[in-house]
Amino acid sequence: MKEPTDGVTLSGSVREKLIASKEKWAREGRLLTGETSTPQADRLPPGQRLVTDFPVLDLGVQPEVKLDRWRLRIEGLVEERQALDWEAFNALPQHEWKNDIHCVTAWSRYDNIWHGVSARDLLMLARPKPEARFVVFHSYDGYTTNVPLEVFAAEEVLVAHSWNNVPLERVHGGPARIVIPRYYFWKSAKWVTRIELRAEDQPGFWEVRGYHNNADPWLEERYA
Ligand SMILES: Nc1nc2c(c(=O)[nH]1)N[C@H]1C(S)=C(S)[C@@H](COP(=O)(O)O)O[C@H]1N2
Ligand SMILES: [Mo]
C-alpha cells in the first residue's frame, strides 16, 4: 500500500456525485433542528435517530492494508517521532471503552465496545512540543480530518483495532481507526496511518467541503 498523499484524487463519477450531494446538504443545512442539548441531559443528540445496524460510510475506497505493511506514524511537532508496526502497536497497554456513535447523517448507535491503544499513551511516547495545538489524522484512503490536541487527548479516545470484541472489519477502518466518541463520527478516521501534530489548525476532507470544524453533536455542529 502506498502512503496516502494529502490531496484525494477525485476519480469516478459515483464518488464525485456522493461528495457533491454531501456538500449540497451542508450548504442547505439539511437535518438541522435548531435545538441544542448536552450529553448529561440527553443520550440522543438533537436530530439523531437510533439504529441497531452499523452503517458504512467512506469515499468509495476501502483500502486493504496488510498487517506486515501497516504503520502508525506520529509526526510533526513531537520530540520523539513514532513509526509503530503492528507488533509494537499491540504491545502497548490495551484499553476498553463502551460508547455511542453519532453520525452527521443522523444515525446514532449505542453501546459500541472498542479495544485499542489510548491517545494519551501514544502522546506520552511521542511527547508533543509545547507549540503543538492541533492534530490531523491521515488515512490509507487519502482521507484527513482535524481536531484540537485536547480533543485527541481526551480520556476515551482510542486508536481502536477491535469493535464489539472482534477485530475491526476492513469496512469500518481495520486494521485500526481513531475513535473520538464525543464528536460526530467523521472525526474518527478509519484506516489511520499518520497522526500529525501542528501549531496551526488544518481543516480535513469534509471540513473544507462545508462540514463544521468542531462537530459537537449536542450543539448540532453539522455544517459550517
Ligand atoms: N479514512 C476514512 N475515515 C473515515 C471516513 C472515510 O471516508 N475515510 N468517513 C468518515 C465518516 S463521514 C463517518 S460517518 C465514519 C463512518 O464510520 P463507519 O463506516 O465505521 O460507520 O467514518 C469516518 N472516517
Ligand atoms: Mo459521516
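Side chains included, hydrogens not; waters and symmetry mates left out as well; all remaining heavy atoms used. All values reported here derive from a predicted model rather than from experimental measurement. Counting convention: from 1, in listed order, for ligands and their atoms alike.
Side chain of T145 to main chain of A189: no donor-acceptor pair is present (N/O by atom type, distance under 3.5 Å, no hydrogens or angles).
Checked for salt-bridge contact, R71 and D85 miss the test: no charged N lies under 4.0 Å from a carboxylate O.
By the 6.0 Å contact criterion, CD on E200 is open, its count of non-hydrogen atoms from other residues, nucleotides or ligands being 12 or less. More than 12 heavy-atom neighbours from other residues, nucleotides or ligands sit within 6.0 angstrom of CZ on R43. No more than 12 heavy-atom neighbours from other residues, nucleotides or ligands sit within 6.0 angstrom of CD on E87.
The shortest separation from a heavy atom of C103 to ligand 1 is under 4.0 Å, placing the residue in contact.
Using a 4.0 Å cut-off between heavy atoms, Y143 contacts ligand 1 through its side chain alone, with no backbone atom that close. Residue-level proximity to ligand 1 for L59 is carried by backbone and side chain together, each with a heavy atom below 4.0 angstrom. With a heavy-atom cut-off of 4.0 Å, W191 touches ligand 1 through its side chain alone. Of the heavy atoms in W206, only side-chain atoms (C-beta onward) come closer than 4.0 Å to ligand 1.
Summarising the hydrophobic clusters (Ile, Leu, Val, Met, Phe, Trp, Tyr; side-chain heavy atoms under 4.5 Å, direct or chained), the residues clustered with L50 are L44, Y110.
The two residues H95 and L158 have their closest heavy-atom pair at CB-CD2, 3.9 Å.
Looking at F54 next to ligand 1, no N or O pair under 3.5 Å apart turns up. Looking at ligand 1, you won't find any N or O of W186 less than 3.5 Å from one of its N or O atoms. At least one N or O atom of R177 sits closer than 3.5 Å to an N or O atom of ligand 1. In terms of N/O distances under 3.5 Å, ligand 1 is not approached by W107.
Ligand 1 places these atoms under 4.0 Å from at least one heavy atom of P55: 18 (P), 19 (O), 21 (O). Residue-ligand proximity, V56 to ligand 1, at heavy-atom distances under 4.0 Å covers atoms 19 (O). Numbered from 1 in the order shown, with element, the atoms of ligand 1 that lie under 4.0 Å from a heavy atom of A189 read 3 (N), 24 (N). Residue contact check: S139 has heavy atoms under 4.0 Å from atoms 1 (N) of ligand 1.
In terms of protein heavy atoms, atom 9 (N) of ligand 1 is closest to L57 O, 3.6 Å. Nearest non-hydrogen protein atom to atom 7 (O) of ligand 1 is D58 CA, 3.2 Å. Looking at atom 8 (N) of ligand 1, its nearest protein heavy atom turns out to be D141 OD2, 2.7 Å. Closest protein heavy atom to atom 19 (O) of ligand 1: K190 NZ, 2.5 Å. Scanning the protein heavy atoms around atom 24 (N) of ligand 1, the nearest turns out to be S188 O, 3.1 Å.
Of the candidates V151, D216, V157, R182 forms a side chain to side chain contact (heavy atoms under 4.5 Å, CB included) with just one, namely D216.
Y211 does not carry R209 over the face of its six-membered ring by the limits of under 6.0 Å from the centre and within 45° of the normal.
Ring planes of W107 and F54: perpendicular class, angle over 60° (limits at 30 and 60°).
Residues R127 and V78 are not in side-chain contact: their nearest non-hydrogen atoms beyond the backbone lie 4.5 Å or more apart.
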